[in-house]
Amino acid sequence: MANPAWKQERPGESRTKQRFAWFWSEYSVIIAFLIIFVVAALLNPRFLDMNNQLNILMQVSIIGIVALGMTIVMLSGGIDLSVGSVLALVGVVSILSLNATESIPVAIITAFAVGAFAGLLNGLMVAKGKIASFIATLGMMAGARSIALYTADGGSISSEITGFTTIANSELWIIDYPIIIFLVMTGLVYVLMHKTRFGRYVYAIGSNEKAALLSTIRVDRVKIGVYSLAGLLVSVAAIIESSRLNSISSSSSGQAYELDAIAAVIIGGTRMTGGRGKVLGTFFGVLILGILNNMMNLMNVSPHLQGFVKGLIIIVAVVFQKRE
Amino acid sequence: MTSNYLLEMNNIEKAFNQVSVLKKVGICLEKGEIHALLGENGAGKSTLMNILGGVFPADRGTIKINGEAVNITTPRMAQNYGISFIHQELNVVADLKVYENMFLGSELRSRTGFLKVEEMCQRTREVLADLGVEIDPKVYVRELDTSYKQLIEIAKALLHKSNIIIMDEPTTALTEHEVYRLFGLMKKLKTSNVSIIYISHKLKEIQEICDHYTVLRDGKVVGTGRVAEQNLESITKLMVGKSVSEERFAQTHPHGAELLRVKELTSPDLFKKIGFTLHAGEILGFTGLAGDGRTELFESIFGFRKNYTGEIKVKDQSVQITHPKKALQAGIGFVPKDRKENAIIKDLSVYDNMSLSSLGHFERRGFIQQKQEKARFEYYKKQLNIKVHDPKVTIDKLSGGNQQKVVLAKWLEVDTPILVFDNPTQGIDVGAKREIYQHIVRLAQQGKGIIILSSEAPEILKICHHINVMFQGEITARFTRDQASEDEIMKYATGSKREVEQIG
């Protein structure tokens, strides 16, 4: 008769095996990234081309910034389905304010205000209203999209100010601004989550909300902060998105971004129920999705089939993470 | 001879985490008897019954039913052997109807796979009628009283033709009237040759309803026999034992100024008119049985629960505590019970768990200084004798005792003048228990006000200066350490005796 598997430190177990298990559980996403990277390079020589590499980074930067916010939300034990819709709404409102005031700083501040406000509402619903985050942000998803559509009369809004496009279409040396913004944001969120009190609290809440509260953490305030921050990151993404094309579509911009962002977070090893995961994991999760897209384009895979591959990768990633 | 017994459990042994919980325990059950299984919390009653119910296997020992050795590995097998386990927390699904609950998992179906609703209702009605009650089988269970919910569990046991029914403290949630109804029912079952193992703390009930008794203490059988041949006094003595509480930790030292005063604290259905005071250097104990409201009382004082009225004064200042953070600011710390659910963050490292409530101590310009965290942890590691190879591992890799020490370190780092411990030695081994007691006593010597909540009377007697006994949300007695004995405490905790006087 077997004893129940009681968790304990087992110094007797072979060190190397433990080390490997630890490495695997912490960095499996990096290993997966390296494998996919090498396979891609072998399959198509054009993949390694510097321009192609930068292209991949450019393409993932918007989703990447959104996914950073999603990581924080999911680490806290929640989910944010409203990111795509809020992105469209932020884009529409900020371009309207840009055209009205002819001032880029005003447009940017407007974007931050709208994104953070939408996030704040999400946070209030979840923390104070005790509404499940899935439901609260589902409501926000429908609501924000609807307001964007109404404001823009269902169509696109273009900026009339020259200079707005420089935000997303300039480069430093050979690196595009969006890439730089994505990298900087990753660094900031990394520091926030791993080096500050806020980050520690988010992990604690996601892991065990009751114990966090009994440890005298202001759970409500931290949660409101989490969703507001996610909204703020969405507005950064929205500015890049609308600046890149000099316009934003109230109907198609940001469509299904929440799914890509969640996919990147999950591939990056963050647990659905929160408390466990890493910002760097999400970073590599985003890159994996980017490489897959790029590879399939280079190999002329039908765009209709690309979703299938993406779905497969997500499921495989989660199955592997289960084997901790 | 042996064939007389319906059930025999012999030499059962069980250890969790290398801590032995049952040592060569045996129990014999005759046909149609009610057998009381007695013992204090942690004596091993639930473990023994969980083995019988197939929840987990024994390490060693035999189980015989009707003289035949059986091997019960799943709850389902236990059911097939005619064993039903009625847990303290009722296992009925409130959102299903009565008959659906009765047949849950063994629904009657027609050959085409559809449910035979009418037949199930009919059988439900019959069984309930046998028990002497009339409930519409199509009523939702959530609409019934607690005692009726319990009845449904019993009816379910009968439906499965169980001849051994285990009842784990079935009367805690019942009113007096409902208790009598339950007893009537049990007597009826007895006449139809069903045997009942009855777990309870309430000795008066035992005397009234049970035929035989078996007493467990510290995982061993310390007495068994006919209830009629024993008086309550001697059974209580058996339960409590003499050797356990000999060692006393608390020192007599002068108590300082008043730290905490609670007046007329009341929360509907949880506790009423609670009043007490705590002085610097004092260790104040609260004890009672399950459902006495002590945990809820201190969760309210700590700001985790908000629905209460009354006054809390810390150092003569009236405080409004609406959140645990405010309790901390007022100077109250709280080490909760059920470590896994309430105290540890299992995905965070040992370091992070230690510093979680006092991150301000480790911050510089808004960033956490991990070096300082480490240094501080090393200090506590030495002081509390925490055994851990690498504090970077998540806390759930540690043994219970070491986890508890990390939680203790967390609150020592917060350094509040008042510290409340709820069941501080739950699920930890004897050695670690001693160490925790010693630290608690040392804290009191340093002038902190300490409150201990525990269901284990020996523990309270060991370390507390003053003892409050609670029963159903009220303080029924207060003792100083020298006045108190386990028997006395037990009498007030079970409600068989109460002091009306209000002190302080």
*Decide side-chain contact (heavy atoms from CB on, under 4.5 Å) for B:I345 and A:Y203; before the verdict, give the C-alpha distance in whole Å, the side-chain angles of both, and the deciding distance to 0.1 Å.*
CA-CA 9 Å; B:I345 311 277; A:Y203 277 96; over 6 Å; no
Please flag which part of A:V219 lies under 4.5 Å from any non-hydrogen atom of chain B: side chain, backbone, both or neither.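 Contact with chain B involves the backbone of A:V219 alone.
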Hey, could you give me the [atom1]/[atom2] distance between [X] and [Y], rounded to the nearest 0.5 Å?
| X | Y | atom1 | atom2 | answer |
| --- | --- | --- | --- | --- |
| A:I217 | B:L356 | CD1 | CG | 4.0 Å |
| B:F362 | A:R200 | CZ | CZ | 9.5 Å |
| B:F334 | A:S215 | CZ | OG | 11.5 Å |

Scan side-chain atoms only and decide if A:S207 and B:K346 contain a donor-acceptor pair under the 3.5 Å cut-off.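 No, B:K346 and A:S207 have no side-chain donor paired with an acceptor closer than 3.5 Å.
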Output yes when A:K210 and B:E341 qualify as a salt bridge under the 4.0 Å nitrogen-oxygen rule, no when they do not.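 The answer is no: the pair does not qualify as a salt bridge.
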Check your understanding: Is it true that B:E363 and A:K195 have a side-chain N and a carboxylate O under 4.0 angstrom from each other?
Key ->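 Answer for the salt bridge query: no.
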Which atoms form the tightest heavy-atom contact between [X] and [Y], and what is the distance?
| X | Y | result |
| --- | --- | --- |
| B:A343 | A:A211 | N-CB, 3.9 Å |
| A:T216 | B:K325 | O-CD, 3.3 Å |
| B:F367 | A:V191 | CE2-CG1, 3.3 Å |

Let's go through A:N208 and B:I344 carefully: what are the C-alpha distance in whole Å and the side-chain angles of both, what is the deciding distance for side-chain contact (heavy atoms from CB on, under 4.5 Å) to 0.1 Å, and is it a yes or a no? CA-CA 8 Å; A:N208 186 343; B:I344 64 163; 5.7 Å; no
Check each atom of [X] against the heavy atoms of chain A and say whether the ones under 4.5 Å are side chain, backbone, both or neither.
| X | result |
| --- | --- |
| B:L348 | side chain |
| B:F304 | side chain |
| B:K410 | side chain |
| B:S355 | side chain |
| B:E373 | side chain |

Around [X], counting heavy atoms of other residues, nucleotides and ligands shown, do more than 12 lie under 6.0 Å from its [atom1]?
| X | atom1 | value |
| --- | --- | --- |
| A:R221 | CZ | no |
| B:K371 | NZ | no |
| A:M272 | CE | no |
| A:F117 | CZ | no |

With a 4.5 Å cut-off on side-chain heavy atoms, are B:L359 and A:Y201 touching?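 Sidechains of B:L359 and A:Y201: in contact.
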- Which one, B:V407, B:N353, B:I368, B:L328, leads in non-hydrogen pairs under 4.5 Å with chain A?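 Counting heavy-atom pairs under 4.5 Å, the top option is B:I368.
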